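Keep in mind the model is a prediction, meaning the values are calculated, not measured. Starting from 1, each residue takes its place in the sequence as its number.
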Amino acid sequence: MSDLFQPEVLLALLALGVAFATGPSVLLARGILRAGFAPHLARARGAGLASGIAGGAMLAVLACGASIGPEAAVAVAVLALLALLATMDILWRWLPLEWTLSLLALGLGAAVFQGDLLNSATGAAIGAGVLFVLRLSFQLLRGVEALGLGDVWLAAALGAWVGPDSISWLLGAAAVLGIALHMAIPTPQLKRYGVAFGAQLCAVAPIFVYF
């Protein structure tokens, strides 16, 4: 049980706790219910589903911290935040700042424990910088907002996890996935919903973070 009191486990719990407490968890749960088999229950059961998701994620962090170790607890927290962000982006085309900043803070905090804060901060700066320049370029050259600020903050958070050497590869892999989805999605649906780039970033991120 002593592993539960490791700083990494406490940091993972804190990051998830802040994310669930301050982020639009109920809105996410309602979107899941609407997209699933119980749209009529979205308003009535949204809060309950949100509490269940939050409780399950926190218990998973505790269980992994107790049975495997602090690294596993942090990994569960990262995967939970990525799942939240991907689902929210698919359902609402929104990457809440409360969740991207929680992922960023968790990445920087984990780097502190590993003595690698400079590398993590550099990766965050590069990730945010690349997408911010792309966002600004689209706005200036084409007059459209191709990327939201949520994508920029998410790239910063992922850069904090993978570092400066891998963040460009991660962004490139997400772009390739986006092109593939763009070609696969029927044109009417593509025009209506577009492609959720944040969800693609979340989908490829575990490969670069843990492999």
Side-chain angles (χ1 to χ4, degrees), residues 12-64 75-106 131 135 138 144-158 170 173-207 209:
L13 289 173
L14 178 61
L16 277 187
V18 170
F20 282 117
T22 62
S25 303
V26 175
L27 182 62
L28 173 74
R30 289 177 179 174
I32 292 173
L33 289 171
R34 287 195 183 103
F37 300 102
H40 59 290
L41 298 176
R43 188 166 294 277
R45 302 289 178 85
L49 179 59
S51 298
I53 293 172
M58 302 286 278
L59 285 174
V61 169
L62 286 171
C64 287
V76 169
V78 171
L79 294 175
L81 288 170
L82 290 174
L84 289 174
L85 287 162
T87 305
M88 195 71 176
D89 199 32
I90 291 171
L91 292 174
W92 301 102
R93 293 301 188 271
W94 179 21
L95 296 169
L97 188 63
E98 298 89 345
W99 295 348
T100 53
L101 288 186
S102 294
L103 185 61
L104 173 61
L106 185 56
L131 284 203
R135 181 177 188 270
F138 272 100
V144 297
E145 189 175 287
L147 295 168
L149 284 176
D151 297 299
V152 176
W153 282 110
L154 178 56
L158 296 177
L170 191 158
V176 170
L177 178 59
I179 293 171
L181 291 174
H182 191 280
M183 296 173 63
I185 296 175
T187 301
Q189 294 183 13
L190 185 64
K191 288 183 177 180
R192 182 176 181 182
Y193 299 108
V195 174
F197 186 60
Q200 295 151 39
L201 287 170
C202 293
V204 302
I207 300 173
V209 174

Checklist outcome for this item: Taking every heavy atom of L79 against every heavy atom of P206, the minimum-distance pair comes out as CD2-CG, 4.0 Å
Checklist outcome for this item: Tested for side chain to side chain contact (heavy atoms under 4.5 Å, CB included) against W99, the lone hit among L16, L85, L154 is L85
Checklist entry - Looking at side-chain heavy atoms only, is the closest gap between L104 and L101 below 4.5 Å? => result yes
Item to check | Q200 side chain to L177 backbone, donor-acceptor under 3.5 Å | outcome: no
Checklist entry - Hey, is the main chain of A86 close enough, under 3.5 Å, to the side chain of D89 for a donor-acceptor pair? => result no
Checklist entry - Should we count CZ of R34 as having more than 12 external heavy atoms under 6.0 Å? => result yes
Checklist outcome for this item: When every non-hydrogen atom of D151 is compared with those of G198, the smallest separation belongs to OD1-N, 3.3 Å
Checklist entry - With a 4.5 Å heavy-atom cut-off, do I90 and T87 have their side chains touching? => result no
Item to check | Working for side-chain contact (heavy atoms from CB on, under 4.5 Å), residues L97 and T100 | outcome: CA-CA 5 Å; L97 188 63; T100 53; 3.8 Å; yes
Next on the checklist: Could you report the tightest heavy-atom contact between A35 and L91, atom names first, then the distance?
Outcome noted: CB-CD2, 3.8 Å
Item to check | Shortest non-hydrogen contact from S102 toward L81 | outcome: C-CD1, 4.1 Å
Item to check | Residue pair A205 / L170: nearest heavy atoms and the distance that separates them | outcome: CA-CD1, 4.0 Å
Checklist entry - Taking only residues two or more places apart in sequence, or in another chain, which ones meet A105 in a side-chain contact (heavy atoms from CB on, under 4.5 Å)? => result none
Contacts under 3.5 angstrom, residues 21-32 side chains, donor-acceptor by atom type, not counting sequence neighbours:
{"from": "T22", "atom 1": "OG1", "to": "V18", "atom 2": "O", "distance (Å)": "2.6"}
{"from": "S25", "atom 1": "OG", "to": "F20", "atom 2": "O", "distance (Å)": "3.1"}

Checklist entry - Can you tell me how far the CG atom of L41 sits from the CG atom of L49, to the nearest 0.5 Å? => result 10.5 Å
Next on the checklist: Under the rule for side-chain contact (heavy atoms from CB on, under 4.5 Å), what residues qualify as partners of A155, not counting sequence neighbours?
Outcome noted: L131, L171
Next on the checklist: So W153 and L95, do their side chains get closer than 4.5 Å, heavy atoms only?
Outcome noted: no
Checklist entry - Heavy atoms, side chains only, cut-off 4.5 Å: are R135 and L149 in contact? => result yes
Checklist outcome for this item: Correct closest heavy-atom pair for G36 and P39 would be O-CD, 4.1 Å
